[in-house]
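Every number for a ligand or one of its atoms is a count from 1 in the order of the listing. Index from 1, following the sequence. Just so it is clear, the values below take in all heavy atoms, side chains as well, and ignore hydrogens, waters and symmetry mates.
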Amino acid sequence: MSKIQMKNPVVEMDGDEMTRVLWQWIKEDLILPFVDLKTEYYDLGLVNRDKTDDQVTVDAANANKKYKVGVKCATITPNAQRVEEYKLKQMWKSPNGTIRRILDGTVFRAPILAKGITPYIPGWKKPIVLARHAYGDVYSGVETQVKQGNKAYLLVEDKDGNIVEKLLVQDFKNSDGIVQSVHNLDRSIQSFARSCFNYALDIKMPLWFATKDTISKKYDHHFKDIFAEIFEKEYKAKFEAAGIEYMYTLIDDAVARVVRSEGGILWACKNYDGDVMSDMVATAYGSLGLMTSVLVSPDGNYEFEAAHGTVTRHYYKHLKGEETSTNSVATIFAWTGALAKRGELDDTPELCAFAKKLERATVETIESGEMTGDLVPLFHAEGVVPKKLDSRAFLKAVAGRMQ
Ligand code: NAP
Ligand code: MG
């Protein structure tokens, strides 16, 4: 059988622990037998990040910019315990944070649906894809406690230090209290808006965006205005041609509509809303092992990954020679997402078709009752008794279907 050829490489970012083990097996069992795989390889495992003073992460992100498409394995974000465990030179920053800063992107998270794994909200028949703005608001807020009798103001200075605006936040004459100040940047909101509009066109799903602009008449309203202006000028015609709509509504209305919907929506959220709602949506769909994630930059770079971490507990079992049953589905979908995008950009439909086929084989394996342990308690299908497979056996079962 002749293998599928690739015109350009994808940027391959290897990672840590159990997901690093799965990474190798996924390639061996599911990709290399079918595709003449071209990648530019970067080892983002913690050992190599430390060895290169984290330069490898920066190089990988720049390569992702050059080749447009990357696929990333989960990586350890070091804390004090990891510094000790790996004898690190320093507590390196989160690779995802570094890559996000260099690509200037928005993260979209989407659940993988399989019959038998029923969402906690049974009306959800299609994926809800969540886009979270990853800059500003309360995540870079400034806050303090205020003593009774004091006043808190919001001040704006020009570059010479002259006060151009002074607003009373609160006169704390009757009680101690707290005060908080948050900000955002037009540039960041604009790039978030463009990433969302582009991604909606990419996946052909309607886009919903919501804030609390009735209450926050300057701050949240500004988000609404920026989205509206960019949509009107740059995307309205494209959305009409694609037969999808852009809807703005209030955040509480959006939450109610999402719960009542059947899914099939791209839901754009401000930073805090996205933080909270992405955990709600992921949990309601069933399992972190079935959640994919893609970073999309406004200038059209894509980085695909699983939404979960390196599954440390399973890795230590693996090291002791014990069997593990770690869900590889989200990592498989990171690969298929990257290969399909590569195929689309390079005009190699065989590669896109392969990616679709591998996704189908993966989902059908679960639907037929063969799955990793995390999914067994979630699986309910008439006449199918779920069977728990170990990590490698699940991949072999998918490979069997591919053949
Ligand atoms: P985690 O690796 O996502 O795992 C947390 C728990 O969730 C696991 O112990 C396991 O539960 C379950 N789980 C997650 N993914 C699973 C899968 N594919 N199959 C089966 N079960 C799965 O999160 P963590 O333990 O908080 O973090 C571990 C490391 O990952 C940390 O060093 C962190 O920095 C890193 N991390 C990286 C990324 C990324 O690169 N994108 C994201 C998050 C965390 P049971 O133990 O109950 O089986
Ligand atoms: Mg959260």
Residue set satisfying salt bridge (charged side-chain N to carboxylate O under 4.0 Å, His left out) with D346, at least two apart, ordered chain then number -> R342
Less than 6.0 Å separating the ring centroids of F333 and F304? no
If we ignore hydrogens and angles and just use 3.5 Å, is the side chain of N271 paired with the main-chain N or O of G136 as donor and acceptor? yes
Please output the residues near ligand 1 using a strict heavy-atom distance under 4.0 Å, listed in chain and residue-number order. K72, A74, T75, I76, T77, R82, N96, E305, H308, G309, T310, V311, T312, R313, H314, T326, N327, D374
With side chain to side chain contact (heavy atoms under 4.5 Å, CB included) as the test, pick out the partner of I26 among L32, V21, I31. I31
Tabulate below the donor-acceptor pairs under 3.5 Å that side-chain atoms of residues 290-299 make, not counting sequence neighbours, or state none.
residue, atom, partner, partner atom, Å
T292, OG1, A110, O, 3.1
S297, OG, D299, OD1, 2.6
S297, OG, N301, N, 3.0
S297, OG, N301, ND2, 3.2
D299, OD1, N301, ND2, 3.4

Please enumerate all residues that pass side chain to side chain contact (heavy atoms under 4.5 Å, CB included) together with K51, with sequence neighbours excluded. N48
